[in-house]
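Below is one structure; the comments refer to it alone.
All ligand and atom numbering here is 1-based and tracks the order in the structure. Note that the numbering runs from 1 along the sequence shown for the chain. These numbers were taken from a predicted model, which means no experiment stands behind them. The basis for the numbers below is simple: all heavy atoms, side chains too, and nothing from hydrogens, waters or symmetry mates.
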Amino acid sequence: MLTFYSEDSRLRQARTELHDGALVTPFECPERLDLVLKHLRQSGLGDIRTPSAYGLAPVLAVHDKEYVTFLANCWQAWGAAGHKGEAIPNIWPARTMRSDRIPRSISGQLGYYALAAETSISEGTFEAAMASKDVALGALEHTLKTGEPSFGLCRPPGHHAAYDQFGGYCFFNNAAIAAQRALEAGKRRVAILDVDFHHGNGTQQIFYQRDDVLFISLHGDPEVTFPYYLGYADENGEGRGEGFNVNYPLPPGTSVATWMATLEQALATIEAAECELLIVSLGVDIFEGDPISAFTFTSADFTVLGQRLAQAGLPCVFLMEGGYAVDAIGVNVVNVLQGFEQ
Ligand SMILES: NCCCNCCCCCS
Ligand SMILES: [Zn+2]
């Protein structure tokens with residue numbers, strides 16, 4: 001299996017994350033890449049390639065133009081406004097406020113476009129996000145051309161990024177960008193299976209009214225898990241998209257047996273929908289040792305996951321999402337990919 005990866009993913013060097021009332025070293029750190037690359041090389045899974053630069057068009061196919069312009073300019077505008085730290089929002093168009101107008105102030109724009117306050121914007125963030133979607137597109141193009149599975153070592157991740165919203169460490173929705181490209185290349189329906197511990201609110205939102213992308217997510221119950229305000233089981237899509245969005249919220253501490261039984265339901269839905277490509281939003285924060293999550297996968301369970309996904313019999317693109325137990329991330333990711341190829 002080929003891996004696609006870009007050194008430009010390291011351009012995102014955020015120093016702060018607002019967590020538990022303090023500014024801490026971000027969980028979504030460049031070292032995550034080092035461990036995955038190390039284990040990929042040790043495993044002999046396949047070559048690691050640098051993708052082409054696909055430009056802005058694929059981004060604008062799923063994201064709002066003004067939002068993309070905001071992301072491109074935010075860091076410079078934030079500094080020009082005299083702010084000394086990293087760009088962290090502290091005001092939102094929260095309930096009781098209006099969101100039909102975008103303020104001129106960069107502080108106002110930051111809150112307008114932010115999902116949450118844990119994700120700072122700093123130098124290199126935009127460039128890294130551009131590299132990350134190129135990684136996803138490189139993996140996608142390879143699978144479209146060869147039918148072979150591929151892995152996009154995407155950083156920053158993407159599944160929390162919505163049409164015009166960043167957060168949860170995400171800026172561009174890599175899986176959505178890849179799915180849209182696959183449809184433009186002729187696939188009639190694409191399944192995005194999100195196995196990350198956290199609900200892929202951004203991916204859901206982008207395709208919520210569409211029937212050409214089936215979005216299915218297994219995740220921590222939003223009653224008690226980030227992102228809290230989306231990911232409930234009663235969110236089934238709207239209009240043409242009715243029935244093409246399926247959420248499986250699961251309680252913290254869910255056993256792997258229960259998680260795998262839920263996966264069976266998800267895979268049956270994918271099969272019934274006659275999808276022609278499977279994109280897996282691969283978050284390995286379902287690992288028992290993840291510092292900000294609450295599921296119970298062991299590293300060996302990731303191998304079983306990969307084996308089961310292969311049985312879906314679809315061309316498959318794996319795209320890196322979360323996973324914050326840095327020491328184990330390499331083993332866990334490679335176990336999925338090797339399990340798939342067994
Ligand atoms: N106390 C947990 C706060 C979580 N904050 C953001 C998590 C983003 C996960 C991306 S996969
Ligand atoms: Zn996650």
ask   = Between Tyr112 and Phe70, is the ring centre distance below 6.0 Å?
value = no
ask   = Which residues satisfy the side-chain hydrogen bond (donor to acceptor under 3.5 Å, both in side chains) test with Thr16, sequence neighbours excluded?
value = Glu86
key: Atom of Asp285 nearest the Zn ion (ligand 2) (restricted to N/O/S, atom name only)   = OD2
inquiry  = So, 4.0 Å and heavy atoms of His198: is ligand 1 close enough to count as a contact?
reply    = yes
ask   = What do we get for Asp20 next to ligand 1 when only non-hydrogen atoms under 4.0 Å count, side chain, backbone, both or neither?
value = neither
query = Going by the atom numbers of ligand 1, which of them fall below 4.0 Å from some non-hydrogen atom of Gly168?
reply = 8 (C), 10 (C)
message = Tell me the protein heavy atom at minimum distance from atom 1 (N) of ligand 1, and give that distance in Å.
response = His19 CE1, 3.9 Å
request  = May I ask which of Tyr324, Tyr169, Phe27, Phe226 has a heavy atom nearer to atom 11 (S) of ligand 1 than the others do?
outcome  = Tyr324
ask   = Name of the Asp196 N, O or S atom nearest the Zn ion (ligand 2)?
value = OD1
query = Run the side-chain hydrogen bond (donor to acceptor under 3.5 Å, both in side chains) check on Asn335 and Ser299 step by step: do they pass?
reply = CA-CA 7 Å; Asn335 280 359; Ser299 293; 4.9 Å; no
inquiry  = So, of the N/O/S atoms that His198 has, which is the nearest one to the Zn ion (ligand 2)?
reply    = ND1
key: Numbered atoms and elements of ligand 1 in range of Asp196, under 4.0 angstrom, heavy atoms   = 11 (S)
query = Which is it for His160 and ligand 1 at heavy atoms under 4.0 Å: side chain, backbone, both or neither?
reply = side chain
query = Are the aromatic rings of Phe151 and Phe340 close, with centres under 6.0 Å apart?
reply = no
task = Could you tell me which atoms of ligand 1, counted from 1 in the order shown, lie closer than 4.0 angstrom to a heavy atom of Asp285?
result = 11 (S)
ask   = Do Arg12 and Thr125 get their side chains close enough for a donor-acceptor pair, meaning under 3.5 Å?
value = yes
message = Exactly one of His219, Glu235, Gln204, His160 should register a side-chain hydrogen bond (donor to acceptor under 3.5 Å, both in side chains) with His199. Which one does?
response = Gln204
query = Can we call the ring centroids of Tyr163 and Tyr67 under 6.0 Å apart?
reply = no
query = Does anything in residues 24-44 pair up under ring-ring contact (aromatic ring centres under 6.0 Å, His included), and if so which pairs, sequence neighbours excluded?
reply = His19-Phe27
inquiry  = Under 4.0 Å and counting heavy atoms only, is there anything from the protein next to atom 9 (C) of ligand 1?
reply    = yes
ask   = Is any side-chain N of the basic residue among Glu141 and Lys145 closer than 4.0 Å to the acidic one's carboxylate O?
value = no
Side chain, backbone, both or neither: His159 near ligand 1, heavy atoms under 4.0 Å = side chain
